[in-house]
Q: 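First, the structure itself, so that you have it in front of you.
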Amino acid sequence: REYTVAILGATGAVGTRLLEQLEKSTIPVKELKLLASKRSVGKKLRFKGQQIAVSEATPDAFTGVDLVLASAGGAVSKRLLPEAVKRGAVCVDNTSAFRMEKEVPLVVPEVNEEALKEHRGIIANPNCSTIQMVVALEPIRQKYGLKQVIVSTYQAASGAGQSALEAMKTEARNYLSGQEMHGEVFPVKSEPKHYPLAFNLLPQIDVFEEDGYTHEEWKMIHETKKIMSGEMNDPTLKVTATCVRVPVVIGHGESVYFTTKTPDVTVKDLRALLEVAPGVVVQDDPKQQLYPQPLTAEGSRATYVGRLRADHENPGSFNMWVVSDNLLKGAAWNTVQIAERLVANELVSVPEDPYLG
Ligand code: A2P
Ligand code: 11C
């Protein structure tokens with residue numbers, strides 16, 4: 001079977017990578033439709049040597065489409081994906097629009113591929129910072145159990161989208177030419193206050209919740225639980241997070257502190273496990289100053305793990321440093337990987353009781 005595929009948000013930071021990852025994937029594409037806002041209509045993008053013009057994303061644009069890969073923001077997904085499902089398309093959504101709905105599987109193939117079987121038309125791709133963390137933690141959870149996870153993130157500007165990334169570059173140019181930096185986009189465009197990100201650190205990603213956590217931190221906690229245990233409020237897996245935006249272009253870094261259920265686990269055990277874990281590349285050799293970095297992870301589908309250390313003050317607890325390309329494993333690659341697994345398992349069809357939002 002060959003598939004008619006649509007990319008919703010094809011012109012964006014993730015959308016352009018969806019195109020690249022789809023081109024490299026095993027999915028047999030019969031026809032590709034590129035969809036974005038009115039602003040981009042007629043713009044051409046390359047796919048397998050062909051120039052394809054972008055069309056406006058409207059409900060009827062999904063007629064005849066088998067598979068939608070969506071990354072045009074949560075509001076656009078909420079409005080258009082139910083329309084796509086009604087027209088018979090299975091949607092893999094990279095936004096946060098439907099992630100916490102119980103009818104919507106939240107999938108990282110290395111962790112919970114089997115959840116795809118339950119889909120009712122929409123499958124959600126988790127947040128980028130959640131994905132790379134669960135890829136690194138799942139093999140440990142499976143073998144030794146996990147009691148607690150404490151994560152601090154160092155998240156790249158591109159996580160906020162293409163225009164935000166351009167804004168950071170402008171700030172940096174202004175700073176280096178001795179002009180004043182005007183923050184206009186970070187930490188969150190729709191918030192009243194803005195600060196420059198260049199040469200700075202912003203401990204706010206997304207808006208604040210009532211309890212003082214940001215929504216990005218909330219996502220890391222609840223998405224991790226839903227992916228690993230199927231239950232967004234699982235009290236047996238304790239997770240807490242601090243998310244920080246850093247002036248890096250691509251590649252999120254994470255300092256992950258975790259405690260296993262099994263006692264007497266050693267760093268050597270963990271390293272051996274991670275060395276054969278799917279999607280993981282261990283880069284951990286202090287003598288050679290080898291450790292994961294955003295610049296070396298950029299462009300790769302892998303999740304890199306290094307700086308593995310035992311907490312000598314708390315036996316059974318460990319530190320590790322995890323880096324991945326937030327636009328690839330964190331977004332476009334995980335989305336296309338889900339689509340590949342749907343195709344391989346013949347799951348590209350909308351069931352009789354679809355989820356319509
Ligand atoms: P456009 O380029 O036409 O604005 P990013 O995450 O890099 O900011 O990209 C967002 C993506 O979502 C872009 O492809 C953008 O298209 C698309 N998009 C934004 N608003 C809409 C909308 N109302 N309808 C369809 N696509 C949209
Ligand atoms: C960031 N993690 O770095 C965000 C971007 O829920 O898919 C992805 C937001 C999401 O800003």
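Ligands are counted one by one from 1 in listed order, and the atoms in each one are counted from 1 as well. Start at 1 with the first residue, then count along the sequence.
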Q: Charged N to carboxylate O under 4.0 angstrom, R87 versus E83?
A: yes
Q: Name the orientation class of the two ring planes belonging to W218 and H215 (parallel below 30°, tilted from 30 to 60°, perpendicular beyond 60°).
A: parallel
Q: May I ask you to say whether K329 pairs ionically with E110, meaning some side-chain N is under 4.0 Å from a carboxylate O?
A: yes
Q: Who passes side chain to side chain contact (heavy atoms under 4.5 Å, CB included) against R341, sequence neighbours left out?
A: P109, E113, L116, A344, N345
Q: I'd like to know if the side chain of D311 pairs up with that of Y257 as donor and acceptor (distance under 3.5 Å, no hydrogens or angles considered).
A: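 Short answer, yes.
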Q: Kindly tell me which protein residues have any non-hydrogen atom under 4.0 angstrom away from an atom of ligand 1, grouped by chain and ordered by number?
A: G9, A10, T11, G12, A13, A36, S37, R39, S40, A57, S71, A72, V76, R79, G161, Q162
Q: Closer than 3.5 angstrom, by distance alone: can the side chain of N112 be matched with the main-chain N or O of V108 as a donor-acceptor pair?
A: yes
Q: Please, which pairs that meet salt bridge (Lys or Arg N to Asp or Glu O under 4.0 Å) have at least one residue in residues 209-230, sequence neighbours excluded?
A: R99-E223, D206-K219, E216-K219
Q: Could you tell me whether the side chains of R301 and Q21 share a donor-acceptor contact shorter than 3.5 Å?
A: yes
Q: With no hydrogens and no angle check, is any side-chain donor or acceptor of D269 less than 3.5 Å from a backbone partner on T266?
A: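 Flag set: sc D269 to bb T266 pair under 3.5 Å.
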Q: Identify the protein atoms, limited to N or O, that lie within less than 3.5 Å of an N or O atom of ligand 2, and list each pair with its distance to 0.1 Å.
A:
unit_1: ligand 2; atom_1: 2 (N); unit_2: N127; atom_2: OD1; d: 2.6
unit_1: ligand 2; atom_1: 2 (N); unit_2: E216; atom_2: OE1; d: 3.4
unit_1: ligand 2; atom_1: 2 (N); unit_2: E216; atom_2: OE2; d: 2.7
unit_1: ligand 2; atom_1: 3 (O); unit_2: Q155; atom_2: NE2; d: 3.1
unit_1: ligand 2; atom_1: 3 (O); unit_2: R245; atom_2: NH1; d: 3.0
unit_1: ligand 2; atom_1: 3 (O); unit_2: H252; atom_2: NE2; d: 3.3
unit_1: ligand 2; atom_1: 6 (O); unit_2: R99; atom_2: NH1; d: 2.8
unit_1: ligand 2; atom_1: 6 (O); unit_2: R99; atom_2: NH2; d: 3.2
unit_1: ligand 2; atom_1: 6 (O); unit_2: K219; atom_2: NZ; d: 2.5
unit_1: ligand 2; atom_1: 7 (O); unit_2: R99; atom_2: NH2; d: 2.7
unit_1: ligand 2; atom_1: 11 (O); unit_2: G159; atom_2: O; d: 3.2
unit_1: ligand 2; atom_1: 11 (O); unit_2: R245; atom_2: NH1; d: 3.2
unit_1: ligand 2; atom_1: 11 (O); unit_2: R245; atom_2: NH2; d: 2.6

